[in-house]
Amino acid sequence: MSYLADIFLIALSAALINNFVLYYFVGICPFVGVSKRVEMALGMGFAVTFVMTIAAFLCWIITTFILMPGAPLSKWIAGFFVPANVAAGIDLTILSYIVYIFAIASSVQFVEMYVRKFFPALYRSFGVFLPLITTNCAILFACLTIMSKIVGVDNPADAWDLGRSLTLAIFGGVGFTIAIVIMGGIREDLELCDIPKPFQGVAITLIVGGILAMAFMGFTGVDVGLRNAIMPL
Amino acid sequence: MADQPTATERFIQGILPENPVYRQMLGLCPTLAITNNMKAAVTMAASVTFVLFCANVVTSLIRNLLKPHLRIVVFTLTIATFVTIADRLLAAYLYQMSKMLGPYIPLIIVNCIIICRCEVCASKQSVFIAGSDALGQSLGFALALSSIAAVREILGTGMFFELRVLPAAWPDWVIMALPPGAFLTFGVMLAAVNWISSKK
């Protein structure tokens with residue numbers, strides 16, 4: 001029960017309360033650049049969600065089995081070269097940034113090839129956005145959040161499992177999609193408005209984003225209230 | 001681009017005429033996320049300067065070895081290496097600041113300014129030109145970051161570099177220090193920059 005409640009709270013928090021775009025400011029580039037039409041925004045949102053889920057899956061496996069202090073796979077390999085007590089303390093977290101960005105870049109490359117070959121319809125709807133996603137901060141941000149929940153915790157039992165990590169990634173992507181689709185809808189209507197010249201383009205988009213962020217601030221505290229309601233102390 | 005700009009020209013270009021934030025719309029994530037106080041903004045600008053300068057110089061040194069289809073991967077790995085160095089240095093010497101900036105230091109890896117400079121300038125130019133280009137662009141980035149941070153910190157808390165500049169009776173505009181304030185301040189400043197440059 002408490003596990004399900006935990007999953008639910010992670011999902012709600014990632015999608016609405018701490019929205020990736022409007023609270024953490026990651027993925028601003030597509031939010032400003034690819035939000036002119038609702039269909040484009042939706043395609044970008046799906047592509048980000050898709051890649052983020054795959055990246056989170058890879059990131060969880062890499063962190064748990066290779067990077068974190070005393071990870072099983074690196075301990076086993078190091079056991080061939082150094083004494084067992086040295087191998088048990090092996091800690092590769094310093095390599096994490098390089099490994100994550102490499103994992104993201106190569107998984108995007110593979111996903112693009114796979115989708116183009118086997119799902120041509122899907123490729124036509126969001127394939128063009130896939131290469132852009134490599135340098136999307138939202139993906140790396142999701143990986144870093146998952147890493148901080150695995151490596152940074154004091155009690156090993158509290159470390160996030162695969163289910164929690166995937167929930168964060170999927171619903172983080174859903175939150176991104178919600179934000180960018182709302183933005184796309186507003187910008188379609190903005191084209192009919194008479195905007196002062198200096199504000200045209202990115203400036204008005206940012207101000208609309210500010211008002212959206214203000215609206216999403218209304219969700220602040222919902223997760224704490226729900227946690228207390230579901231799991232009374 | 002018949003005649004290539006010299007090192008000095010590139011340095012000056014980066015500061016205002018081709019400011020990475022206000023003109024090229026690059027590196028927006030840190031611009032919005034870490035501008036609620038000056039100290040964080042200056043630390044961020046310093047980290048970006050370090051990474052951009054080192055990445056540009058290294059890319060320029062290896063530019064003749066690069067294979068066209070692999071260049072982006074090489075850029076990214078170079079940048080990631082220097083970001084790791086910057087991150088460890090911050091954690092060692094400015095622990096509080098490193099805690100506060102949290103994931104935004106590793107996110108420098110995917111900061112488009114650095115990849116853009118590596119691609120546009122460093123992979124084609126000599127070390128000296130690439131270095132001065134990096135310094136100019138970082139100075140422009142630092143200017144943009146501190147201009148937004150100054151507005152947000154003064155209006156949001158009445159302080160500048162944690163020194164009080166507005167009278168204590170100033171009602172803090174809390175919204176300026178929160179996420180919406182970042183979008184609003186940057187939007188209005190961008191419009192102001194557009195307006196001033198259209199007047200010329």
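Chain naming here is simple, since letters A, B, ... match the order of the sequence lines and numbering starts at 1 in each. Since the model is a prediction, treat every value here as computed from it, not as a measurement.
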Counting heavy-atom pairs closer than 4.5 Å to chain B, which one of [options] comes out on top?
{"options": "Ala215(A), Ser106(A), Ala213(A)", "value": "Ala213(A)"}
{"options": "Val21(A), Leu140(A), Leu206(A)", "value": "Leu206(A)"}
{"options": "Val208(A), Leu95(A), Ile94(A)", "value": "Ile94(A)"}
{"options": "Val26(A), Val202(A), Val32(A), Thr145(A)", "value": "Val202(A)"}

If the contact rule is any heavy atom under 4.5 Å from chain A, which residues of residues 81-92 of chain B qualify, in numerical order?
Thr81(B), Val83(B), Thr84(B), Asp87(B), Arg88(B)
With a 6.0 Å cut-off (strictly less than), is the heavy-atom count around CH2 of Trp170(B), excluding the residue itself, greater than 12?
yes
If you tally heavy-atom pairs under 4.5 Å against chain A, which of Gly187(B), Pro180(B), Ala80(B) wins?
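Most heavy-atom pairs under 4.5 Å with chain A: Pro180(B).
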Most contacts with chain A, counted as non-hydrogen pairs under 4.5 angstrom, among Leu178(B), Thr31(B), Ile109(B)
Ile109(B)
Contact part of [X] toward chain B, heavy-atom cut-off under 4.5 Å: side chain, backbone, both or neither?
{"X": "Met147(A)", "result": "neither"}
{"X": "Phe216(A)", "result": "neither"}
{"X": "Ile204(A)", "result": "neither"}

For Phe183(B) and Phe25(A), what are the C-alpha separation, side-chain angles and deciding distance, and is it a ring pair (Phe, Tyr, Trp, His ring centres under 6.0 Å)?
CA-CA 9 Å; Phe183(B) 282 108; Phe25(A) 307 109; 5.4 Å; yes
Determine, for Glu191(A) against Arg187(A), whether the closest basic-nitrogen to carboxylate-oxygen distance falls under 4.0 angstrom.
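No salt bridge links Glu191(A) with Arg187(A).
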